[in-house]
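I have placed the structure first, in the form of structure tokens, so that the comments after it can refer back to it.
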Amino acid sequence: MSAPSLIPSKEAGIRPPQPPVDGPPRRGGSFGRSLKRNLTAHGFLIGAVLCFAFFSWYPMVREFFLAFQKTDRGEVSWVGLDNLSTVFNDPAFWQAWRNTALYTLLALVLGFAVPFVAAIVINELRHGKGYLRLLVYLPVMLPPVASVLLFKYLYDPGYGMLNEVFGFFGLPEQQWLQDPGLSLLSVVIASTWMNMGGAALIYLAALQGIPGELYEAAELDGAGLLRKIWHVTIPQTRLILSLMLLMQIISTMQVFVEPFLLTGGAGPEGSTTTVVHLIYQYAFNFNDYGAAAALGLLLLVLLAGFSAAYVKLSRAEDE
């Protein structure tokens, strides 16, 4: 007699156990795993947003309200447009704007053109590019205060190296920081040397992305160096040039460190007084935070309007 079978048969009406079938995951579990996986990224993002809001957004909003307020012995009162009237009636207001506009123009002539020319020269060389890139970028790695003090030593009328070089070639010595006609130009030269490294490397990266076939075609057409720069290099780097132009104008309109350390801020006969230095004077010398905020608001509106016009023109050109 055979032993009974342990495997259920179909005739017995008992179905064998089926393997589990994987169904669609539940929504709650999927969301939890996704949140846990991205929790670190969310933490870093929230921290960055909070820091940006506290150190950037809050001061901007606070400045807007402060421009229409007056603080007297700890008591804050609304004064409307009185702070703007105080700023407009200050004789130093228009002088500061003229100096800032002139500084921006000189910085565009030197600080915008010199890095581009340096990038073209480095790009044309076959040897020593790495060394020259380091040499050009080296001033950016120095602390700004150290660079300014270095130029203050070079400009010194008694023992400055620049006047020593002038004397060696038989040229008359100059009062670089004491002459109202030379003080602003001296500040621009120092600022250009300090900040040209970053712009030069950006231009150099853009130049290396230009196809060599364009230069070869220009050479076949008999184009020289200047014509190749005008017809090939500048059109191919137009977007980078326009962006750097905008950044250059915004940064030069906010200049403060260089004239403050080289000429004490105001300079001889107020020749280096800039808008930001006038804001500094209102806030920390005159204790008039409302006028300082009002002048800062004017500068903010001007730069925002210029940036908006630049974006609109850029979109029109792209279309």
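Below, all heavy atoms of this structure are taken into account, side chains as well, without hydrogens, waters or symmetry copies. These numbers come from a predicted model, not from an experiment.
Here the closest non-hydrogen pair linking E173 and N163 is CA-OD1, 3.6 Å. Taking all atoms of both residues into account, the shortest heavy-atom contact from E258 to S191 is OE2-OG, 3.6 Å. Residue S183 comes nearest to S271 through the heavy atom pair OG-OG, 2.7 Å, listed as atom of the first residue, atom of the second, then distance.
At least one side-chain heavy atom of Y310 sits less than 4.5 Å from a side-chain heavy atom of S242. Residues P268 and D179 form no side-chain contact, since every pair of their non-hydrogen atoms from C-beta on lies 4.5 Å or further apart. Here the side chains of L220 and Y215 are not in contact, with every heavy-atom distance at 4.5 Å or above. Side-chain contact check for V49 versus I46: every heavy-atom pair is 4.5 Å or farther apart. Q69 has its side chain out of reach of S77: every pair of non-hydrogen atoms, C-beta onward, lies at least 4.5 Å apart.
For CD of E269, the number of neighbouring non-hydrogen atoms (other residues, nucleotides, ligands) closer than 6.0 Å is 12 at most. No more than 12 heavy-atom neighbours from other residues, nucleotides or ligands sit within 6.0 angstrom of CZ on F284. At most 12 heavy atoms of other shown residues, nucleotides or ligands fall within 6.0 angstrom of atom CZ in F64. For F306, the CZ atom counts as densely surrounded, since its 6.0 Å shell holds more than 12 non-hydrogen atoms of other residues, nucleotides or ligands.
Note on D288 versus K70: salt bridge recorded, some NZ/NE/NH1/NH2 to OD/OE distance being below 4.0 Å.
Follow the hydrophobic side-chain contacts under 4.5 Å out from V121 and you never reach Y203; the two are in separate clusters. L132 and L142 sit in two unconnected hydrophobic clusters of ILVMFWY residues. Membership requires side-chain heavy atoms under 4.5 Å apart, directly or through other members. With hydrophobic clusters built from ILVMFWY side chains whose heavy atoms lie under 4.5 angstrom apart, I202 shares a cluster with M247. Hydrophobic cluster membership differs between L204 and M141, with clusters built from Ile, Leu, Val, Met, Phe, Trp and Tyr side chains linked at under 4.5 angstrom. A continuous path of ILVMFWY side-chain contacts below 4.5 Å connects F168 to L162, so both sit in one hydrophobic cluster.
Judged purely by atom type and a 3.5 angstrom limit, T274 uses its side chain to pair as donor or acceptor with the backbone of V255. No donor-acceptor distance shorter than 3.5 angstrom exists from the side chain of E164 to the backbone of G160, with no hydrogens or angles considered. Between the side chain of T104 and the backbone N or O of I249 there is no donor-acceptor pair closer than 3.5 Å. Using a distance-only test at 3.5 Å, with no hydrogens or angles considered, no donor-acceptor pair links the side chain of N123 to the main chain of A119.
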Query - Chi angles and distances behind the side-chain contact (heavy atoms from CB on, under 4.5 Å) call for L262, S186 - result: CA-CA 9 Å; L262 285 174; S186 302; 5.9 Å; no
**Report entry** Worked verdict on Y137 versus L201 for side-chain contact (heavy atoms from CB on, under 4.5 Å)
**Finding:** CA-CA 8 Å; Y137 193 73; L201 291 187; 3.5 Å; yes
Requested in this report: In sequence, state the C-alpha distance, the side-chain angles, and the governing distance for L150 and W193, and then conclude on side-chain contact (heavy atoms from CB on, under 4.5 Å).
Outcome: CA-CA 11 Å; L150 174 62; W193 183 84; 4.3 Å; yes
Requested in this report: Carefully, step by step, assess V148 and M194 under the rule side-chain contact (heavy atoms from CB on, under 4.5 Å).
Outcome: CA-CA 8 Å; V148 172; M194 291 168 53; 3.7 Å; yes
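Between the CD1 atom in I189 and the CG atom in L182 there is a gap of 8.5 Å [rounded to 0.5 Å]. Taken from CG in L226 to OG1 in T233, the straight-line distance is 10.5 Å, to the nearest 0.5 Å. Distance check, rounded to the nearest 0.5 Å: CE of M253 to CD of Q248 gives 12.5 Å. Atoms CG and CG, from D90 and L295 in turn, are 9.0 Å apart once rounded to the nearest 0.5 Å. Note that the CG atom of L154 and the CG atom of L149 stand 11.0 Å from one another [nearest 0.5 Å]. Rounded to the nearest 0.5 Å, atoms OH (Y282) and OG1 (T86) are 7.5 Å apart.
Aromatic rings from W78 and F68 are positioned such that their centres are separated by 6.0 Å or more.
Of the residues listed (L239, T237, L243), the one engaging L241 in a side-chain contact (heavy atoms from CB on, under 4.5 Å) is T237, and it is the only one. Put simply, the residue from L84, V79, N83 that forms a side-chain contact (heavy atoms from CB on, under 4.5 Å) with L81 is L84.
Between F166 and W176, the two ring planes are perpendicular [angle over 60°; tilted spans 30° to 60°]. Using bins of under 30°, 30° to 60° and over 60° for the plane-to-plane angle, the ring pair F260/F256 lands in the parallel bin.
A donor-acceptor pair shorter than 3.5 Å cannot be found between the side chains of T272 and Y103.
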